[in-house]
2 protein chains.
Amino acid sequence: MARDSAATRARILAAAIDEFGAYGLAGARIDRIAEAAQANKRSIYVYFGNKEALFAAAMTHIVDDISTSVPIDTDDLPDYVGRIFDYYLANPSVVRMAMWLPLERPPQGPDETDAYAKKVAALSASGSPANDLDASDVVMFINALAQAWFMSPDSLRAADGLDPNSDERIARHRAALVETVRRMCG
Amino acid sequence: MARDSAATRARILAAAIDEFGAYGLAGARIDRIAEAAQANKRSIYVYFGNKEALFAAAMTHIVDDISTSVPIDTDDLPDYVGRIFDYYLANPSVVRMAMWLPLERPPQGPDETDAYAKKVAALSASGSPANDLDASDVVMFINALAQAWFMSPDSLRAADGLDPNSDERIARHRAALVETVRRMCG
DNA sequence: CGTCCACAACTAACCGTTGAGTTACTACGA
DNA sequence: TCGTAGTAACTCAACGGTTAGTTGTGGACG
């Protein structure tokens with residue numbers, strides 16, 4: 001096995017995102033992360049300090065990734081939600097971590113204030129995003145709508161009879177999502 | 001201390017809702033629930049079996065409570081979200097449990113299929129709730145929008161300068177919520 | 001009407017396991 | 001041969017769950 005500290009660190013981080021996404025902060029197991037990363041438990045402590053710090057590192061990593069991968073376009077919010085949805089679909093662990101963040105917030109956890117503040121500022125500055133609604137409310141709604149599919153139980157996703165894992169069903173939902181934001185923005 | 005098994009059971013259930021709401025299934029502590037309920041740990045096992053069963057009992061309790069407290073009105077969806085929001089505001093532990101459910105689903109957990117299926121069916125039957133959107137998507141969006149405020153970090157809630165705990169700010173958000181659903185329904 | 005008894009509610013101390021974090025050590029590579 | 005990456009074995013506290021025992025209550029019976 002090659003000795004590459006950067007690669008090991010990256011493997012640990014990737015495994016941590018999956019583990020925290022699957023089980024949350026309290027439910028995640030350091031041993032499982034080590035095993036999945038094919039790294040030793042000890043190296044996690046060497047590279048990241050402790051469980052909470054690892055969680056924080058994973059969180060900042062995904063926040064960075066999402067804000068570069070899915071830049072906001074204040075002139076086309078419907079398209080923006082669509083792209084967030086696509087990103088979530090491709091990165092299930094990321095949505096789940098995002099859902100966990102407000103629930104299990106470590107005391108010294110990462111503060112995504114800046115990422116949100118920038119979006120709200122950009123939206124406010126861009127004139128009238130959604131006519132008379134507050135920019136911060138619009139950001140909240142867009143986030144919530146993009147996550148709706150993932151926070152719904154399977155039973156609800158299947159409620160209309162289609163297989164919730166089929167491409168058609170997902171495409172329909174995506175279209176509904178984009179259309180909803182279009183209507184919201186007037 | 002009076003010996004009243006029904007009262008003790010109810011105290012445990014109430015404490016469990018708070019504890020699970022605050023920490024989730026994995027993070028919740030049986031000892032804390034017992035202490036908060038002013039009951040002995042043992043009685044929890046007598047009345048509910050184990051931790052997961054207690055979680056399930058708490059979940060079915062709130063599902064029941066919410067579906068009776070906030071009946072759906074398929075003819076006035078904007079009003080319906082508003083009422084859900086009010087309920088959530090008055091019962092913070094309930095929102096948090098609802099947010100936790102899709103993340104920490106115990107293997108033998110409660111299945112809220114029926115509650116959702118009924119809503120989707122009612123909505124489908126009532127003609128055109130939101131013109132061309134699937135009823136199940138509409139239900140997802142309504143749920144997500146009603147929860148948006150509670151899953152947003154404080155920094156986002158405060159992004160426009162107002163105190164996020166003030167009545168005015170909350171009223172503005174509620175109005176935005178109702179208006180958004182109104183637009184969604186066309 | 002008093003007294004005993006059986007059962008239900010309650011309690012405290014304990015047990016076994018799990019899991020975060022550490023220690024002491026080995027192997028690799030420059 | 002020195003420093004860094006990696007490993008296995010361990011510690012210790014926390015926590016879910018249990019055992020064994022205590023207290024209060026309500027009813028049967030003399």
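The figures that follow rest on heavy atoms only: side chains count, while hydrogens, waters and symmetry mates do not.
- Atom OH of A/Y23 and atom C1' of C/dG19 are 15 Å apart (whole Å).
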*nucleotides 16-21 of chain D: protein proximity per nucleotide (B base, S sugar-phosphate only, - neither; heavy atom, under 4.0 Å)*: BBBBB-
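- A/D160 meets the salt bridge (Lys or Arg N to Asp or Glu O under 4.0 Å) test with A/R169; sequence neighbours excluded.
- A salt bridge is absent between A/R172 and A/E168; no separation between the charged side-chain nitrogens and carboxylate oxygens falls under 4.0 Å.
- Between the P atom of D/dC15 and the CG atom of B/L54 lies a distance of 16 Å, rounded to the nearest Å.
- Taking atom CZ of residue B/R9 and atom C1' of nucleotide C/dC10, one finds them 17 Å apart after rounding to whole Å.
- Under the salt bridge (Lys or Arg N to Asp or Glu O under 4.0 Å) criterion, B/D154 pairs with B/R157, not counting sequence neighbours.
- Across the protein-nucleic acid pair, A/I44 atom CD1 and C/dG19 atom C1' stand 12 Å apart, rounded to whole Å.
- With sequence neighbours excluded, the residues forming a ring-ring contact (aromatic ring centres under 6.0 Å, His included) with B/F150 are B/F85, B/Y88, listed by chain and number.
- Partners of A/D86 according to the salt bridge (Lys or Arg N to Asp or Glu O under 4.0 Å) rule, which considers only residues two or more places apart in sequence or in another chain, are A/R174.
- In terms of phosphate contacts, A/T8 brings a side-chain nitrogen or oxygen within less than 4.0 Å of OP1 or OP2 of D/dG6.
- For residues 34-43 of chain A, every residue pair satisfying the salt bridge (charged side-chain N to carboxylate O under 4.0 Å, His left out) rule, not counting sequence neighbours, is listed here: A/D31-A/K41.
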